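Counting begins at 1 with the first residue of the sequence. These figures come from a predicted structure and were not determined experimentally.
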Amino acid sequence: MSNPPPSEPSPGSAARDPELGFPRPGEVLRRLRTHKDMSLRQVAAECGLSVSFLAALERGETDIALERLGRLAKVFGHDVGSFLGFSRGRSTPSVFPAKDQESFDRAPGVRYRVQRLPELGYQVLTADFEPHSGLLEELRHEGSDLIVMTQGTVIARYNGSDHELRAGDCAQWSAGYPHSFRNDTDEPARFVAVLFSSLY
């Protein structure tokens, strides 16, 4: 006696390609409505979809069209992108080897390494300061900066005042005010900065 041919999996029950980069809509629905303590009937009443359809969506037994997804997302104060966690992007990390990052001498004894991330709207900068080195001029630019000291000590001069930053310290400021850095010590220093503007 021959075995019957395997049935075709439904769209929702098929194994999801992780490179799609977003979770199952039904999983998101269950998580959000549980957080808000809503029943499927309450969700259905607000978005105009049937209880049976939403139940099947949660179980992964059906898919959902974009227009319906928009109505469902609105119940929870989301648009389609934020409902699906679109900002999560790909399911694999982006790796930027140090050798591929642009590096240049910002001043004598000061070496910058820059990674541009235009799709995310910021740049990551690593600054290395040899002993008794510093920038020769003050900087001013759009956006804001986040500085994380990873080695040694630098003096951050911001809007006319000096601030000592040691390894492990963090500073954030509006980059429109004049600022600069120097290493007054006999040891090398390094910080990592996130620049929320395109500077280099």
Specify the closest pair of heavy atoms between [X] and [Y], including all atoms of both residues, with the distance to one decimal.
{"X": "P108", "Y": "S133", "result": "O-CB, 3.6 Å"}
{"X": "G134", "Y": "A107", "result": "O-CB, 3.4 Å"}
{"X": "V80", "Y": "A73", "result": "N-CB, 4.3 Å"}

Please list every donor-acceptor pair under 3.5 Å in which a side-chain atom of residues 153-160 meets a protein atom from a residue at least two apart or in another chain.
{"unit_1": "R157", "atom_1": "NH1", "unit_2": "D162", "atom_2": "OD1", "d": "2.8"}
{"unit_1": "R157", "atom_1": "NH2", "unit_2": "G160", "atom_2": "O", "d": "3.1"}
{"unit_1": "Y158", "atom_1": "OH", "unit_2": "S174", "atom_2": "O", "d": "2.9"}

Rounded to the nearest 0.5 Å, what separates atom [atom1] in [X] from atom [atom2] in [Y]?
{"X": "Q42", "Y": "C47", "atom1": "CD", "atom2": "SG", "result": "12.0 Å"}
{"X": "T150", "Y": "D169", "atom1": "OG1", "atom2": "CG", "result": "11.5 Å"}
{"X": "L195", "Y": "Q115", "atom1": "CG", "atom2": "CD", "result": "12.5 Å"}

So do [Y] and [X] actually touch side chain to side chain, heavy atoms under 4.5 Å?
{"X": "L57", "Y": "L49", "answer": "no"}
{"X": "L54", "Y": "L72", "answer": "yes"}
{"X": "L69", "Y": "P25", "answer": "yes"}

Quick test of your reading of the model: are R106 and E137 salt-bridged, counting only N-O distances below 4.0 Å?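 Yes, charged N to carboxylate O under 4.0 Å.
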Which pairs, with at least one residue in residues 185-195 and sequence neighbours excluded, count as a side-chain hydrogen bond (donor to acceptor under 3.5 Å, both in side chains)?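 Matches after skipping sequence neighbours: D128-R190, H132-D186, N183-T185.
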Yes or no on salt bridge (charged side-chain N to carboxylate O under 4.0 Å, His left out) for E164 and R166, after CA distance, side-chain angles and deciding distance? CA-CA 7 Å; E164 185 178 77; R166 298 175 178 269; 3.0 Å; yes
Assigning hydrophobic clusters by single linkage (Ile, Leu, Val, Met, Phe, Trp, Tyr; side-chain heavy-atom cutoff under 4.5 Å), is Y177 placed with L139?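 Result: yes, single cluster for both.
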Do the side chains of F104 and L136 join up, straight or via other hydrophobic residues, at under 4.5 Å, putting them in one cluster?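 F104 does not cluster with L136.
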Can you name the side chain to side chain contact (heavy atoms under 4.5 Å, CB included) partners of V148, sequence neighbours left out?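 So V148 forms a side chain to side chain contact (heavy atoms under 4.5 Å, CB included) with C170.
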Go through the structure and list residues passing side chain to side chain contact (heavy atoms under 4.5 Å, CB included) with S103, not counting sequence neighbours.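 Per chain and number, S103 pairs via side chain to side chain contact (heavy atoms under 4.5 Å, CB included) with R111, R113.
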Other residues, nucleotides and ligands only: do more than 12 of their heavy atoms fall within 6.0 Å of [atom1] on [X]?
{"X": "Q172", "atom1": "CD", "answer": "yes"}
{"X": "D105", "atom1": "CG", "answer": "yes"}
{"X": "E138", "atom1": "CD", "answer": "yes"}

List the steps, then state whether salt bridge (charged side-chain N to carboxylate O under 4.0 Å, His left out) holds for E27 with R31. CA-CA 6 Å; E27 294 173 353; R31 185 169 64 249; 5.8 Å; no
Results of ring pair (Phe, Tyr, Trp, His ring centres under 6.0 Å) for H179 - residues two or more places apart only: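 Only H141, W173 meet the ring pair (Phe, Tyr, Trp, His ring centres under 6.0 Å) criterion with H179.
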All ring pair (Phe, Tyr, Trp, His ring centres under 6.0 Å) counterparts of F191, not counting sequence neighbours: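 F191 satisfies ring pair (Phe, Tyr, Trp, His ring centres under 6.0 Å) with F129, F181 only.
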V75/M38 under side chain to side chain contact (heavy atoms under 4.5 Å, CB included): CA gap, chis, key distance, verdict: CA-CA 11 Å; V75 173; M38 295 179 71; 4.0 Å; yes
Relative to the ring of H78, is the ring of F83 parallel (under 30°), tilted (30 to 60°) or perpendicular (over 60°)?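 Geometry flag for H78 against F83: perpendicular rings.
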Show, in sequence, the C-alpha distance, side-chain angles and deciding distance for H35 and F76, and conclude whether the side chain to side chain contact (heavy atoms under 4.5 Å, CB included) test is met. CA-CA 10 Å; H35 178 72; F76 302 99; over 6 Å; no
Should E58 and R33 be marked as a side chain to side chain contact (heavy atoms under 4.5 Å, CB included) after you check the CA-CA gap, both sets of side-chain angles, and the distance that decides it? CA-CA 11 Å; E58 280 199 356; R33 75 174 184 82; 2.4 Å; yes
